[in-house]
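Some notes on the structure that comes next.
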Amino acid sequence: MRAPWIVLLAGCGRIGFDRAASDAITADVAVDAAPCTSYGAWGAPERIAELASATADWGGQIAPNGLDLYFQSSISGPNQFYLATRPTRTAPFTDAPIAELNNPGGGDPTVTADELELYQEVTIAGSRCIYESTRSDRGGTWSLPTKLSALCASAQADCPYITPDGLTMYYKDFAANTIVTTTRGTRTDDFAAGAPIAGLFTGIGCPALSGDGLDLYFETSGAIHLSSRANTSVPFSDPGSLFVPTSSPDTQSDVSVSGDSLELFFSSNRPGGAGDFDLYHLTRACTD
């Protein structure tokens, strides 16, 4: 989901960050790599009450560890970035603003598993592109966003999703309303412009991948859809169908999935919320 944010950002380079040092996921990051081969049914969506406000709360992505949720809220200013954390998967979240990223032109944060790279869309004078911020450790300060010009050289780009290993990015060609994907060999390489995923229908929005890489969730026409594939060596060819567990007559957007594929997050303005949009999640069990 998008808002018409327009800002000016100071130019910057890759500030003080050795990306080669972040290639390996650090030992203190607990990431479940989708250990299940079969799953139970998804439960009903539950509003994350401790993160709800009377303003818009949206644009979130759960980190692969299932414990850190990056999102936006207007409770203290237009579309400010927040990080919500919890000590366990059943504990409530506690959130705090990410001051260095609080720029009203940005949106839809997505992070690598080690949480040392963060990507977001930024709108400047009506033009959208994907920007990167980095940090040297998980407790450090994020750098100023750096524009990934190759991703928007021929068309506007938004809605990024980075895979946990930091090597593949899914994002939206804003003009064509099509999901595209791009890969790189190492974390020190730059991303080239992406290629469309030919099997998906057009007119679709922000993507997110399941932990096992077999399910691609995306939003379209105010609803969340799902495309699946048999294994990661083949492209997505299923055009996508309605993801019924989140369906509602109201808007559902900004989907993301934990690394073990057992918890799904999204934002919605469905009835019963605290304000404009609220954050929701639903869970399922591993049955194998």
Side-chain angles (χ1 to χ4, degrees), residues 25 27-51 60-71 84-93 110-115 161-168 170 179 181 197 199-200 204 206-220 223-248 252-268 270 272 278-288:
I25 294 176
D28 64 335
V29 180
V31 180
D32 293 315
C36 296
T37 57
S38 61
Y39 300 90
W42 286 105
E46 298 180 355
R47 184 166 61 92
I48 306 176
E50 65 270 23
L51 300 181
Q61 188 196 36
I62 189 68
N65 62 17
L67 303 178
D68 301 332
L69 179 65
Y70 293 78
F71 70 102
T85 61
R86 57 185 178 181
T88 68
R89 297 286 285 275
T90 57
F93 283 103
T110 176
V111 295
T112 51
D114 57 15
E115 298 180 54
Y161 167 79
I162 189 72
T163 53
D165 61 9
L167 300 181
T168 302
Y170 292 77
I179 293 176
T181 185
I197 301 177
L200 301 179
I204 56 184
C206 301
L209 202 63
S210 62
D212 57 13
L214 301 181
D215 296 325
L216 181 65
Y217 298 86
F218 55 89
E219 62 186 69
T220 180
I224 293 170
H225 282 63
L226 170 64
S227 176
S228 298
R229 58 184 176 181
N231 59 72
T232 56
S233 63
V234 299
F236 287 98
S237 57
D238 172 15
S241 57
L242 181 67
F243 183 58
V244 175
T246 61
S247 60
S248 166
Q252 332 299 316
S253 64
D254 303 322
V255 63
S256 66
V257 192
S258 59
D260 58 9
S261 297
L262 297 179
E263 193 168 11
L264 183 143
F265 292 75
F266 67 101
S267 60
S268 178
R270 59 179 58 202
D278 291 298
L279 299 170
Y280 289 79
H281 69 143
L282 55 159
T283 60
R284 62 181 177 180
C286 180
T287 58
D288 62 2

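- At least one side-chain heavy atom of Y70 sits under 4.5 Å from a side-chain heavy atom of E115.
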- Task: Could you please spell out the steps behind the side chain to side chain contact (heavy atoms under 4.5 Å, CB included) verdict for V257 and D215?
- Result: CA-CA 10 Å; V257 192; D215 296 325; over 6 Å; no
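- Residue Y170 is tested with T110, I162, I179 for a side-chain contact (heavy atoms from CB on, under 4.5 Å); the sole match is I179.
- Summarising the geometry, atom SG belonging to C286 is positioned 8.5 Å from atom CG belonging to D260; distances are rounded to the nearest 0.5 Å.
- A donor atom on one side chain and an acceptor atom on the other are not found under 3.5 Å apart for Y161 and Q61.
- In terms of heavy-atom proximity, V255 sits nearest to C206 at CG1-O, 4.4 Å.
- Defined by atom type and a distance below 3.5 Å, a donor-acceptor pair is missing between the side-chain atoms of D68 and T85.
- Nearest heavy atoms, S256 versus A208: CA-CB, 3.9 Å.
- The distance from atom CG of L216 to atom CZ of F236, rounded to the nearest 0.5 Å, is 4.5 Å.
- Of all non-hydrogen atoms in S210 and D212, the two that sit nearest each other are OG-OD1, 2.6 Å.
- In this structure a side-chain-to-backbone donor-acceptor pair under 3.5 Å is missing from R270 to Q252.
- The aromatic rings of F243 and Y217 sit perpendicular, their planes meeting at an angle over 60°, well past the 30° parallel limit.
- Considering every non-hydrogen atom in both Y39 and S261, the closest pair reads OH-CB, 3.7 Å.
- Across all non-hydrogen atoms, the minimal contact from H281 to E263 is ND1-OE2, 2.6 Å.
- A donor and an acceptor atom, one from each side chain of T283 and R89, are nowhere located under 3.5 Å apart.
- Rounding to the nearest 0.5 Å places CG of L214 at 7.0 Å from OG1 of T232.
- The line from CZ of F265 to CG of D254 is 13.0 Å long, rounded to the nearest 0.5 Å.
- Side-chain atoms of T163 come within 3.5 Å of backbone atoms of T168 as a donor-acceptor pair (strictly under, hydrogens ignored).
- In this structure, the side chains of S267 and F71 stay at 4.5 Å or more apart for every pair of heavy atoms.
- Contact detail for V111 and A63: the closest heavy-atom pair is CG2-CB, 4.2 Å.
- Rounding to the nearest 0.5 Å places CG of L262 at 11.0 Å from CG of L282.
- Here the CD1 atom belonging to I224 is positioned 8.0 Å from the OG atom belonging to S268, to the nearest 0.5 angstrom.
- One N or O on the side chain of T287 and one on the backbone of S38 form a donor-acceptor pair closer than 3.5 Å.
- Using a 4.5 Å cut-off on side-chain heavy atoms (C-beta onward), F218 and L200 make contact.
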